[in-house]
Amino acid sequence: MIARRKSRQIQLGTLKVGGDAPITVQSMTKTDTRDVEATLLQIWALEAAGCDIIRCAVPVREAAEKLGEIKRQIRIPLVADIHFNYKLALIALEQGVDGLRLNPGNIGGKRFVEEVVASARDKKIPIRIGVNAGSLEKDLLERHGGPSAEGMIESALRHIRILEDCNYTEMKISLKASDPRMMIEAYRGLAGKVDYPLHLGVTEAGTPGVGTIKSAVGLGALLSEGIGDTIRVSLSADPVEEVRVGIDILKALGLRKGGLTFVACPSCGRADVDLVKLAKEVEDEFKGLNEEIHIAVMGCLPPGEMVVTRDGPKPIETVVESDEVLTHAGRYGKVLWTTSHTWNGDVVEIHPTGFAPFRVTANHPVWAFPRPRTTKAGRERSPRIATVLGGDTAPRWVPAGELTPGWVVASPVPQHKEDRATIVADGLGEIPIDDDFMTLAGYYLAEGTLSGKNRKPYQQFFYFHERQTAYVDRLSGILRGLGLSVDVRYRRHTAEVVTHSLALGRLLESEFRHGADRKRLPPWMESLPHDKQRALIRALWEGDGYTGCVRGYTRATYCTSSHRLGIQVHQILLRLGVAAFLHHRDQRGRKRNWVVSVTSRQALARLGDILGVPLVAGERSDTGQVALDDSALYVGVRAVKRLPYEGAVYNLEVEGDHSFVTPGAALHNCEVNGPGEARAADIGVAGGKGIGLIFKNGEVIRKVPEAEIVQAMREEVERFLAERRAATAGVAS
């Protein structure tokens with residue numbers, strides 16, 4: 001057994017380095033750090049390969065400013081590689097990195113070092129001093145006649161003293177050279193002079209063939225003597241290969257064992273079986289196993305897929321911790337953390353009736369249920385959704401890969417209800433939240449704009465058709481009721497209502513925003529009682545709504561260029577019992593328009609009652625592709641496609657309900673009912689409803705109660721390893 005050199009221990013994120021902590025394997029990205037997507041893809045691949053710590057080059061300010069975005073989407077500690085510019089180190093620290101790699105003697109002077117150290121100390125961030133034989137200080141090169149182990153040691157001690165003089169000891173040291181003998185001699189010499197943890201590496205080792213040999217010689221010699229707390233193999237190759245070689249070097253010396261590999265979204269199985277707890281139990285069961293075993297469960301969304309959040313729709317890759325997302329229970333839940341990994345295979349594109357398509361990995365659970373199909377006159381038909389719901393049918397979590405056209409997907413009706421009596425505006429006092437205020441809000445969202453110098457909204461304009469005199473009179477009366485003067489102008493078939501009030505302008509801008517594509521409702525307005533929301537919907541429709549007949553169908557639509565407002569109007573209609581669709585309309589040279597549409601007989605009748613306009617469904621029959629109850633909207637699936645995809649996919653761990661919503665459908669944030677990547681494991685497990693399915697090479701071989709999963713895994717792992725050893729022995733003979 002190798003006796004480790006005694007070194008002090010530092011904390012790098014959640015990882016301990018030095019002391020009795022396991023020796024870790026590091027790598028460095030070879031992408032431009034400013035390219036966040038490319039950098040993340042490389043880090044995720046490294047995570048999957050077993051990398052413990054990742055370092056990113058930070059040559060310019062733009063790269064430093066991307067580190068926070070990268071940090072939020074990875075699971076391993078992130079180290080910023082800084083050369084010469086102390087300001088980049090400060091930015092990196094503000095971005096939340098877990099460590100710095102810099103040489104304090106090369107960043108501009110004592111004052112700058114102290115500034116970096118003060119920030120690092122405040123954030124409890126360690127610094128790695130990185131000495132390289134190829135870039136030693138000129139005086140050391142002259143004194144020692146070129147690069148040498150003695151010069152490297154002297155350089156390291158010089159930098160160490162600078163930090164120690166700042167009363168800072170949270171550091172680790174590296175002394176790298178492309179010559180393994182020089183590198184070995186340098187580390188041996190420094191190991192007896194300081195007790196800081198040492199990061200080992202042969203720099204510029206070369207191509208995988210030569211580089212692997214040089215790294216194995218240099219790292220292996222030191223590690224076998226107990227020197228070294230963390231390592232990096234430098235190769236002119238994919239950094240994943242660096243990690244593989246590093247792990248193999250440690251394994252060859254008995255310093256790293258194989259065993260269980262568990263790849264999963266953090267939330268896997270939370271609904272029915274706690275697979276996170278299960279993974280820990282399995283990991284404990286196999287602690288002494290020096291073989292590779294893989295358990296994996298995962299389901300995610302590609303980038304660009306929209307998630308409904310408290311702040312409006314967001315692409316899933318932009319959702320961050322503490323964001324609040326709508327869940328299938330109709331409430332907003334906090335995102336506890338996000339997760340990402342690389343995907344190479346098909347994704348499923350599901351197109352719900354009346355909504356834009358969305359894409360998920362095949363094992364990602366969708367809230368859905370099937371409808372029976374019959375054939376009539378040579379055509380397949382499905383019963384009305386409302387008819388199916390009238391029986392014992394209810395939505396359940398189903399892997400997306402099981403859905404076919406005719407299935408029904410469900411999305412929630414928001415459940416939170418809270419009244420608000422007044423709103424206070426500087427200069428206007430306390431304003432009642434009544435029909436007048438809701439009408440003013442609706443007219444502004446649909447027809448209003450603001451104007452003024454120096455970005456102060458002194459003037460407010462509302463535009464109506466010249467024949468909409470009732471709306472003009474109503475708005476004028478509301479504004480005068482607030483004590484404001486009103487001017488009505490008629491030009492080009494348009495009635496323009498104008499008022500001048502900085503107080504009103506600031507109120508409208510703060511609550512509803514300015515600009516057609518940025519307007520939205522304040523969150524409190526989404527949960528008001530139904531009678532107040534009815535007044536809002538009526539005003540919105542009077543401004544930007546349409547009711548009429550299109551190709552034999554009566555149709556009511558509301559259009560807006562604000563995606564967020566479109567979703568909010570759609571959700572309010574659901575709360576009011578109006579089944580509605582939400583899709584977009586694109587026209588060349590114009591902004592995308594979001595269209596909330598109502599087409600079913602029952603929904604049109606309810607909307608007509610709200611608008612005070614009789615809406616007759618028309619001559620054509622209702623297709624029954626939509627239904628609504630108090631908890632959810634149900635729409636039929638029009639099409640399902642399989643599309644090839646290679647790249648990043650994302651998932652969210654959401655507090656409480658463990659689900660999130662994309663317009664038109666609800667998605668679970670864990671793999672519950674499907675095997676997911678357990679099929680890809682040597683021995684895998686998928687859990688749900690108190691049972692576990694044990695997989696071997698992609699096939700279900702056992703179904704056991706939840707309490708027996710660990711024992712069953714143990715039995716199947718031992719059987720699998722015995723078979724593999726026998727096969728290996730047979731080949732060898």
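On a predicted model such as this, the values are computed, not experimentally measured, just so you know.
A donor-acceptor distance shorter than 3.5 angstrom exists from the side chain of Thr662 to the backbone of Met306, with no hydrogens or angles considered. At least one donor-acceptor pair under 3.5 Å links the side chain of Ser476 to the backbone N or O of Val472. Within the 3.5 Å criterion, the main-chain N or O of Val360 finds no donor-acceptor partner in the side chain of Glu349. Using a distance-only test at 3.5 Å, with no hydrogens or angles considered, no donor-acceptor pair links the side chain of Arg555 to the main chain of Thr547. Panel note: side chain His668, backbone His658; a donor-acceptor pair is recorded below 3.5 Å. Using modelled atom types, one side-chain atom of Ser501 and one backbone atom of Leu504 make a donor-acceptor pair closer than 3.5 Å. Side-chain atoms of Gln459 never come within 3.5 Å of backbone atoms of Pro457 as a donor-acceptor pair (strictly under, hydrogens ignored).
Between Thr557 and Val598 there is no side-chain heavy-atom pair separated by less than 4.5 Å. Counting only heavy atoms from C-beta outward, the side chains of Thr404 and Val637 never approach each other to under 4.5 Å. Side-chain contact between Val626 and Ser600 is present, with heavy atoms from C-beta onward closer than 4.5 Å. When side chains are defined from C-beta on, Val320 does not count as touching Thr318, because their heavy atoms never get closer than 4.5 Å. Here the side chains of Leu628 and Val413 are in contact, with some heavy-atom distance below 4.5 Å. A heavy-atom distance below 4.5 Å is not found between the side chains of Thr309 and Leu326. Contact of the Leu667 side chain with the His364 side chain is registered, since non-hydrogen atoms from C-beta on lie closer than 4.5 Å. Between Val348 and Arg642, the closest side-chain pair of non-hydrogen atoms falls below 4.5 Å.
Residue-environment remark: CZ (Arg455) stays at or below the threshold of 12 foreign heavy atoms within 6.0 Å. Counted within 6.0 Å of CZ on Arg331, heavy atoms from surrounding residues, nucleotides or ligands total more than 12; the atom is thus considered enclosed. Within 6.0 Å of atom CG in Asp426, 12 or fewer heavy atoms from other residues, nucleotides or ligands are found, so the atom counts as exposed in its surroundings. The environment of Asp487 atom CG is dense: over 12 non-hydrogen atoms of other residues, nucleotides or ligands sit within 6.0 angstrom. Under a cut-off of 6.0 angstrom, the local environment of CD in Glu466 is crowded, with over 12 non-hydrogen atoms contributed by other residues, nucleotides or ligands.
Remark: Ile423 CD1 to Ile431 CD1 distance equals 7.0 Å, nearest 0.5 Å. In this structure, CG on Leu607 lies 11.0 Å from CZ on Arg538, to the nearest 0.5 angstrom. Taken to the nearest 0.5 Å, the OG1 atom of Thr560 stands 10.0 Å off from the NZ atom of Lys591. Taking CZ of Arg606 as the reference point, atom CG of Leu615 lies at 13.5 Å (rounded to 0.5 Å).
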Step by step, work out the side chain to side chain donor-acceptor pair (under 3.5 Å) result for Ser527 and Glu418.
CA-CA 5 Å; Ser527 57; Glu418 185 175 354; 5.0 Å; no
One pair to check against side-chain contact (heavy atoms from CB on, under 4.5 Å): Val347 and Phe358. What are the steps and the verdict?
CA-CA 10 Å; Val347 293; Phe358 64 92; over 6 Å; no
Derivation of the side chain to side chain donor-acceptor pair (under 3.5 Å) call for Ser561 and Asp517:
CA-CA 5 Å; Ser561 57; Asp517 60 344; 5.5 Å; no
Salt bridge (charged side-chain N to carboxylate O under 4.0 Å, His left out) between Lys532 and Asp419, intermediate numbers included:
CA-CA 9 Å; Lys532 294 182 178 181; Asp419 198 2; 2.8 Å; yes
Go through the steps to decide whether Ser659 and Asp657 satisfy the test side chain to side chain donor-acceptor pair (under 3.5 Å), and finish with yes or no.
CA-CA 6 Å; Ser659 60; Asp657 298 320; 5.3 Å; no
Please walk me through it: do Ile385 and Phe369 pass side-chain contact (heavy atoms from CB on, under 4.5 Å)?
CA-CA 10 Å; Ile385 295 173; Phe369 61 86; 4.3 Å; yes
List the steps, then state whether side-chain contact (heavy atoms from CB on, under 4.5 Å) holds for Thr393 with Val388.
CA-CA 6 Å; Thr393 302; Val388 178; 3.6 Å; yes
Take Leu582 and Val595 through the side-chain contact (heavy atoms from CB on, under 4.5 Å) test and state the conclusion after the steps.
CA-CA 6 Å; Leu582 176 66; Val595 182; over 6 Å; no
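Leu528 pairs with exactly one of Leu521, Ile433, Leu536 by the side-chain contact (heavy atoms from CB on, under 4.5 Å) rule, that one being Ile433. The side-chain contact (heavy atoms from CB on, under 4.5 Å) test with Asp436 is passed by exactly one of Leu440, Asp434, Thr439: Asp434.
Under the rule for a salt bridge (Lys or Arg N to Asp or Glu O under 4.0 Å), the partners of Glu305 that lie at least two apart in sequence or sit in another chain are Arg359. Residues satisfying the side chain to side chain contact (heavy atoms under 4.5 Å, CB included) criterion with Arg492, sequence neighbours excluded, are absent altogether. Taking Asp346 as the reference, nothing meets the side chain to side chain donor-acceptor pair (under 3.5 Å) condition, with sequence neighbours excluded. By the side chain to side chain donor-acceptor pair (under 3.5 Å) test, His465 pairs with no residue at all, sequence neighbours left out. Residues meeting the side chain to side chain contact (heavy atoms under 4.5 Å, CB included) test with Arg520, sequence neighbours left out: Arg513, Pro522, Arg564, Gln568. Contacts of Lys519 classified as salt bridge (Lys or Arg N to Asp or Glu O under 4.0 Å), with partners at least two apart in sequence or in another chain: none. Qualifying side chain to side chain contact (heavy atoms under 4.5 Å, CB included) partners for Thr353, counting only residues two or more places apart in sequence or in other chains: Phe581, Gln625, Arg638. Considering only residues two or more places apart in sequence or on other chains, Ala410 meets the side chain to side chain contact (heavy atoms under 4.5 Å, CB included) condition with Trp367, Pro395, Ala632, Tyr634. Here Trp407 pairs with nothing under the ring-ring contact (aromatic ring centres under 6.0 Å, His included) rule; sequence neighbours left out.
Screening residues 486-535 for ring-ring contact (aromatic ring centres under 6.0 Å, His included), with sequence neighbours left out, gives no hits. Screening residues 569-582 for side chain to side chain donor-acceptor pair (under 3.5 Å), with sequence neighbours left out, gives Gln533-Arg575. For the salt bridge (charged side-chain N to carboxylate O under 4.0 Å, His left out) condition, the pairs that include at least one residue of residues 308-328, sequence neighbours left out, are Arg310-Glu324, Lys314-Asp323.
Aromatic rings of Phe464 and Tyr443 (six-membered ring for Trp) have centroids within the 6.0 Å cut-off, being under it. A distance of 6.0 Å or more separates the ring centres of Trp594 and His583.
Contact detail for Pro302 and Ile316: the closest heavy-atom pair is O-CG2, 3.6 Å.
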